[in-house]
Each structure stands twice: as C-alpha cells, then as structure tokens.
There are 2 protein chains.
Amino acid sequence: MSRIDDSLIALRRIMRATELYGKELAQAAGLTAAQFRALQIVGEKGWETPKAIAARMGVSQATITTLVDKLVRRELVTREPSQIDRRQTNVTLSPIGRQVLDDAPDALQQKYARAFEDLSDWEQAQIIATLERVASMLDAEDIDASPVLTMGDIKRH
Amino acid sequence: MSRIDDSLIALRRIMRATELYGKELAQAAGLTAAQFRALQIVGEKGWETPKAIAARMGVSQATITTLVDKLVRRELVTREPSQIDRRQTNVTLSPIGRQVLDDAPDALQQKYARAFEDLSDWEQAQIIATLERVASMLDAEDIDASPVLTMGDIKRH
DNA sequence: CAAGTTCCTTCGGCTATCTAACTAATAGAG
DNA sequence: CTCTATTAGTTAGATAGCCGAAGGAACTTG
C-alpha cells in the first residue's frame with residue numbers, strides 16, 4: 001500500500017465521519033442534512049432569500065423552494081415578502097428555528113474542537129497548513145466554505 | 001476568525017472538492033456517484049455480493065438491489081447465481097463495466113496524486129500523519145475506507 | 001424434518017434534485 | 001411612459017437514492 005493510498009484513506013475517513021455526522025444530526029434534530037444546512041444559512045443573518053440560499057448551497061432555486069416548504073411546515077422559518085423588491089421573499093428564522101439551531105447536537109464539531117484545542121500552538125498551525133495544502137492539491141481553492149462542518153451543499157455547474 | 005475555523009474551512013474545501021469530483025465523474029461516465037461507487041467495489045475483485053456492497057457503502061440491501069438493477073440495465077454488471085450458496089448472487093463485472101472503470105476520468109485523483117508525488121519524502125509522511133490525526137479527532141477510526149477518493153455513500157445526492 | 005436464519009428482491013413511500021414552464025415585479029430602451 | 005427583457009420565486013413532472021417491511025428461496029441447526 002503506497003503512501004498516496006494512505007493519504008486517500010485518511011481523507012476518506014474524514015469524509016465518512018462527516019457523512020455519519022450528517023445522519024446523526026438529521027435524526028436528532030428531525031431534519032435532513034440539506035434542510036439543516038439551509039436553516040443554518042438562514043440563521044446566519046436571521047433571514048436570507050431563496051436565491052442566495054441556492055447559491056450558497058450550489059443547488060437550483062427550485063430545490064430551495066421545496067426545502068423551504070419543509071422548513072415552513074415545521075415552523076422553523078417563515079416567508080416574508082420583501083419590502084424593497086417585491087419579487088423577493090425573505091426566508092426568516094422563527095424563534096423555533098433559532099431554538100433548533102441552538103440545540104442542534106454538533107457532537108462531531110464539539111469533539112473535533114475539543115481535541116483541536118488541546119493541541120499545542122504549533123501543532124494547530126501545522127494541521128491548518130497541511131489541510132490547506134491538501135485542499136489546494138485537490139484544487140478546491142475557490143470554494144465557498146463556511147466554518148461549519150456539514151454536508152449537503154454540492155456545487156453544480 | 002479562529003484557528004479552529006480555519007481548519008474547518010480547509011476540511012470543508014477538501015470535502016467539497018470531492019463532491020464536485022463525484023459530479024464530474026457521474027457526468028463523464030454516464031453514471032451517478034452512487035452507481036459508480038458500486039461499480040468500483042464490484043471492480044475490485046471482479047464480483048461482489050449485494051450484501052457486501054451494502055456493507056461497504058453503508059446503505060441497505062434494498063438500496064443496492066435498485067442500484068445493481070441500473071448497472072445491469074446498462075450491461076456493466078451481470079447477476080450470477082452463486083454456486084456455493086444459492087441464496088447469494090454474485091454481481092459480476094462485465095467487459096463493458098471494466099471498460100467504463102478503466103476509462104473513468106479520475107481527474108481529481110490524478111491531480112492529487114501528481115501533486116502528492118511531487119512532495120518530498122518527509123512532506124508526504126507529514127501529510128499522512130496529519131490527515132490521520134484529523135481523522136482520529138473526528139472519531140472516524142473504525143471506518144471501512146478504501147483508497148479511492150469518492151463520495152457516494154451519502155445519503156442525498 | 002421443522003424452525004429459525006440469511007440473502008436477496010419487491011413494494012410503497014420519503015427526500016433531494018433537476019429542467020422547463022409560469023407568474024409577478026423590476027429595470028431599461030425608446 | 002410603454003414595451004420588452006431580466007430577475008425572483010414557484011409549480012409541475014421527472015429521476016435517483018434511500019429506507020423499512022414483507023416475502024420467497026436456500027442454508028443451518030436442533
């Protein structure tokens with residue numbers, strides 16, 4: 001087994017852990033990964049337009065419509081017509097939505113964060129440098145990457 | 001922006017690049033990421049049981065049945081009843097399937113492999129060590145990770 | 001041999017996703 | 001100011017992936 005295989009295996013473990021986290025999350029929060037990701041985006045500012053959510057998640061607007069439908073049905077967000085441009089709709093976080101976001105079990109991130117913080121200064125720096133280097137090697141430089149460890153936003157052509 | 005955010009962002013870029021690769025692949029090979037992943041697994045030995053494929057991909061057997069249906073329809077694999085245990089079916093790679101696997105554009109992997117190989121010995125070792133460390137921090141130790149850079153055991157493309 | 005177990009498939013039902021077509025509203029060119 | 005083009009969002013119809021439950025066929029075990 002070559003070294004490149006070793007590195008690919010490690011990468012795959014990382015991705016797999018994230019996938020599993022998504023499933024766990026979905027189960028615990030009663031939301032799917034995609035739904036939760038949309039909710040997160042709305043939660044950043046408290047509101048967001050479907051267009052912007054679609055761009056952030058890299059999916060079509062139609063997809064967001066149905067996703068938001070589900071969030072609305074769960075009363076996690078509301079659709080508020082925009083005052084400035086009446087073509088626009090503001091998907092707005094509800095108090096319940098805020099609750100769900102706050103309560104969301106981010107076990108994976110917590111675990112990672114804790115382990116990360118236990119590292120020494122130079123170890124942290126080194127991990128960041130290496131991860132960024134790997135990301136570059138995969139040519140993922142121009143990606144919209146929020147510091148949130150989730151699945152579900154796949155960029156499309 | 002804290003260091004942990006930096007590291008999460010880098011992780012996210014890595015995952016994103018892989019997702020994009022999956023899409024690209026799907027388009028070029030005329031297969032979805034999940035289908036391709038199943039084909040890859042079958043291709044390793046030339047055959048595999050649905051049960052084993054399901055385990056490898058972390059999905060139910062029912063899912064594999066429909067996935068294999070599609071591969072069979074495209075004549076990439078065949079279902080051969082097992083001689084030893086007639087409950088089992090061997091999903092067997094066809095010549096066409098082998099062709100598709102060989103022709104598959106593994107651009108991302110190639111790119112990564114090339115960049116990786118250009119690194120010095122100690123850099124390679126250091127990257128592997130770091131990736132493995134991160135994987136451990138995410139608690140993904142006991143994952144079946146083949147040295148193939150694919151997504152597709154997601155639950156939602 | 002009968003009962004339980006295993007492997008696979010079938011069935012019904014979700015969710016996510018897309019494209020195309022449609023409605024409503026704004027922006028721009030005359 | 002009006003007509004057209006563009007933009008935001010939704011709706012409709014389709015495909016893919018996924019699951020759990022139920023069922024049939026073939027092993028295993030007592």
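Chain identifiers are assigned alphabetically (A, B, ...) following the order of the sequence lines, protein sequences preceding nucleic acid strands; residue numbering begins at 1 within each chain.
For Ile64(B) and dC18(D), the CD1 to P distance is 7 Å, given to the nearest whole Å. The separation between Leu39(B) atom CG and dA16(D) atom P is 16 Å, rounded to whole Å. Regarding Lys70(B), its NZ atom lies at a distance of 14 Å from the P atom of dT9(C), rounded to whole Å. At whole-Å resolution of the value, CZ in Arg74(B) and C1' in dA16(D) are 12 Å apart. Distance, Asp69(A) CG to dA12(D) P: 11 Å, rounded to whole Å. For the pair Phe36(A) CZ and dT15(C) P, the computed distance is 18 Å after rounding to whole Å. Per the geometry, CD1 belonging to Ile53(A) stands 13 Å off C1' belonging to dA8(D), to the nearest Å. Distance Leu67(A) CG to dT11(D) C1': 16 Å, rounded to the nearest Å.
Of the charged side-chain nitrogens involved, at least one lies within less than 4.0 Å of a carboxylate oxygen, so that Arg79(A) and Asp69(A) count as a salt-bridged pair. A salt bridge links Glu123(A) and Arg133(B); the closest N-O separation between the charged side-chain nitrogens and carboxylate oxygens is under 4.0 Å.
Between the side chains of Gln126(A) and Thr130(A), at least one donor N or O sits under 3.5 Å from an acceptor N or O. Judged by distance alone, the side chains of Thr89(A) and Glu80(A) never bring a donor and an acceptor atom under 3.5 Å apart.
Of all the heavy atoms in Ile41(A) and Arg56(A), the pair that sits closest is CD1-CB, 3.6 Å.
A continuous path of hydrophobic side-chain contacts links Val91(B) to Leu101(B) [ILVMFWY only; heavy atoms under 4.5 Å].
Proximity of Val100(A) to Leu39(A): side-chain heavy atoms (C-beta onward) are separated by under 4.5 Å at one or more points.
Contact check, Gln61(A) against dG9(D): a side-chain N or O comes under 4.0 Å of OP1 or OP2. Contact between the side-chain N/O atoms of Thr65(A) and the OP1/OP2 oxygens of dT10(D) is found at a separation under 4.0 Å. Look at Thr63(A) and you'll find a side-chain N or O under 4.0 angstrom from OP1 or OP2 of dC18(C).
Interface residues of residues 83-93 of chain B facing DNA chain D, ordered by number: Asp85(B), Arg86(B), Arg87(B); criterion, heavy-atom separation under 4.0 Å.
With dT9(C), dG9(D), dG20(D) as the choices, the nucleotide that has an atom nearest any side-chain atom of Pro50(B) turns out to be dT9(C).
When heavy atoms are screened at a 4.0 angstrom cut-off, Thr49(A) is found touching the sugar-phosphate backbone but no base atom.
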